Amino acid sequence: MCRTANQTMLDWLYSAQRFGVKPGLDAVARLLAACGALPCGARVIHVAGTNGKGSTCAMAEAVARRAGLRTGLFTSPHLVRFHERIRVNGEMIPDEAVERHLAVLRGLAADWESPPTFFELALALAMRYFAEEKAELIILETGMGGRLDATNAVPKSAAAITPIGLDHMQYLGDSIAAVAGEKAGIIQRGTPVVSSPQPEEAARVLDARARALDTRVQYVAEPSPWPCGLVGDHQRMNAALALAALEAAGCPLPEAAVAGGLSGVQWPGRFEEVFPGVVMDGAHNPHAARVLADTWRRVFPGRKARCLFAVSADKDVSGVAGVLAPLVEEWILPPVDSPRVSAPADTAGRLRAAGVDGARVRPAAALGEALDAVLRAPRPVLICGSFFLLGQVRALLDSKPYRPSAQ
């Protein structure tokens, strides 16, 4: 079958995953300068943190768009299609723009001794598209960390830091202070910084970094009072952070825009009830699992879930299981089309090692069959653990092709 030019260019982009993750800003700064993506002429909000980054970005974008600003939004990972990562005024980047901008980037980097990574290319593509579309406000979500994340090569108007916990410890360190040091790396001299409430050891690191750069961290103290389209008390704190970030970046915040943006915001995979009693949530670390458990108890008081669960090999399964096990009646472990996700048998062993009753753990042969089984079973159902699982489930539910990435 003949492949389209867009598929060919995406194949080239995906092939860059073989270069892995290369922390550092020199290469991406060179790429952004070479392709004409900087300076961008727009206000930029840069968001880092362990949990809640995507939701915070989505809420800030929704409010800013309601306020009349032309918005650019860059997030990761995607669930089903790469195009989800790059949006202008809420609309995904079209195939034609992906093809055209990737062709330019491919030509630029053709003879580079150290080729750009997948994530660096995705960011450069986004920034070129935002400039072309004359975005007035750009919201960038870090891929991982902050200090050496490719997004940190883009000059910013304000920095926002969501709750910090332990994740990606092989890259970011095995203590809250170490992780906070990486997240604090997005703080820029003299630039406003807003933050969610943080553990004391994280706040000390953020405050010290800010003082050294002639700025200060403004901590969000209270949840937003406005109704929010995303479920959970934690989302009201994320909403407050999103509004503080917009204010810090000098964006207008008329009450009608705040009310309409927050009430109408949608962000898949965050306690998303895809059918009555069927929830998808991307909780994949203990902090996110605690937030999920608190929300579950409020929405489904006294009820246990059949849980369709998969997790990446580098995640703290014991920590996640310890939080979720009291809420789970049965763990169903399907295979997922991602090299990062553990095989069902491996996940089963890790759950049993974490103290989960082996009789409640059931590996499945195929995701489609497992999904059909849980959807036919009595509700409620929880689908969680990995965004790769959520993406493949979403593709099956919507009958759409699924193309995951490792980054």
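Note that the structure is predicted; figures quoted are calculated from it, not measured. Count residues from 1 along the sequence.
Within the model, atoms CG of Asp281 and CG of Leu389 stand 11.5 Å from one another, a figure rounded to the nearest 0.5 Å. Atoms CG and CG, from Leu390 and Leu79 in turn, are 6.0 Å apart once rounded to the nearest 0.5 Å. Of the inter-residue distances, the one linking Phe271 atom CZ with Asp294 atom CG reads 10.5 Å to the nearest 0.5 angstrom. To the nearest 0.5 Å, atom OH of residue Tyr402 and atom CG of residue Leu396 are 9.5 Å apart.
Around CD of Glu91, the count of heavy atoms belonging to other residues, nucleotides or ligands within 6.0 Å does not exceed 12. Residue-environment remark: CZ (Arg85) exceeds the threshold of 12 foreign heavy atoms within 6.0 Å. In Lys134, the NZ atom is not crowded: 12 or fewer heavy atoms of neighbouring residues, nucleotides or ligands sit closer than 6.0 Å. More than 12 heavy atoms of other shown residues, nucleotides or ligands fall within 6.0 angstrom of atom CD in Glu329. Applying the 6.0 Å contact sphere to CD of Glu247 captures no more than 12 heavy atoms from other residues, nucleotides or ligands. Crowding of Asp26 atom CG: a count of heavy atoms from other residues, nucleotides or ligands under 6.0 Å not exceeding 12. In the displayed structure, Arg216 atom CZ is contacted under 6.0 Å by at most 12 heavy atoms of other residues, nucleotides or ligands.
Donor-acceptor pairing under 3.5 Å is recorded for the side chains of Thr151 and His46. Using a 3.5 Å distance cut-off with no hydrogens or angles, the side chains of Arg30 and Ser114 do not pair a donor with an acceptor.
Side-chain contact check for Phe387 versus His284: some heavy-atom pair is nearer than 4.5 Å. When side chains are defined from C-beta on, Val279 does not count as touching Val231, because their heavy atoms never get closer than 4.5 Å. Side-chain contact between Asp233 and Met237: absent, with no pair of heavy atoms (C-beta onward) separated by less than 4.5 Å. Counting only heavy atoms from C-beta outward, the side chains of Leu13 and Phe118 approach each other to under 4.5 Å. Residues Thr56 and Val194 fail the side-chain proximity criterion, which asks for heavy atoms closer than 4.5 Å. Residues Cys384 and Phe309 meet the side-chain proximity criterion, which asks for heavy atoms closer than 4.5 Å. A heavy-atom distance below 4.5 Å is not found between the side chains of Leu230 and Asn238. Leu351 is listed as a side-chain neighbour of Val317, based on a closest heavy-atom distance under 4.5 Å.
Between Glu84 and Arg394 no salt bridge is recorded (no basic side-chain N to carboxylate O distance below 4.0 Å). A salt bridge does not link Lys183 with Asp149: every distance from a Lys NZ or Arg NE/NH1/NH2 to an Asp or Glu carboxylate oxygen is 4.0 Å or more. Using a 4.0 Å cut-off between charged side-chain N and carboxylate O, Glu330 and Arg306 make a salt bridge. Comment: Glu61 engages Arg65 in a salt bridge, judged by a side-chain N to carboxylate O separation of less than 4.0 angstrom.
A cation-pi arrangement is absent between Arg340 and Phe388 under the rule of less than 6.0 angstrom and at most 45 degrees off the ring axis.
Here the closest heavy-atom approach between residue Val44 and residue Leu137 is recorded as N-CD1, 4.5 Å. Residue Ala245 comes nearest to Ile45 through the heavy atom pair O-CD1, 3.7 Å, listed as atom of the first residue, atom of the second, then distance. Closest approach of Ser195 and Leu206 over heavy atoms only: OG-CD1, 3.9 Å. Across all their heavy atoms, Ala321 and Ala354 have their closest contact at CB-CB, 4.3 Å. Across all their heavy atoms, Ala242 and Ala60 have their closest contact at CB-N, 3.7 Å. Across all non-hydrogen atoms, the minimal contact from Leu241 to Ser196 is CD2-OG, 3.4 Å.
Without hydrogens or angle criteria, Glu272 side chain to Gly269 main chain gives a donor-acceptor distance under 3.5 Å.
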side-chain contact (heavy atoms from CB on, under 4.5 Å) evaluation trace for Ile93 with Leu125: CA-CA 10 Å; Ile93 185 172; Leu125 165 61; 4.1 Å; yes
Chi angles and distances behind the side-chain contact (heavy atoms from CB on, under 4.5 Å) call for Lys156, Leu140: CA-CA 9 Å; Lys156 69 205 71 174; Leu140 300 177; over 6 Å; no
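Taking the six-membered ring where tryptophan is involved, the planes of Phe82 and His78 are perpendicular, since the angle between them exceeds 60° and thus also 30°.
Ring centers of Phe119 and Phe74: under 6.0 Å apart, within the cut-off.
Each of Leu308, Leu382, Leu324, Thr347 was evaluated against Trp331; a single residue qualifies, Leu324, per the side-chain contact (heavy atoms from CB on, under 4.5 Å) test.
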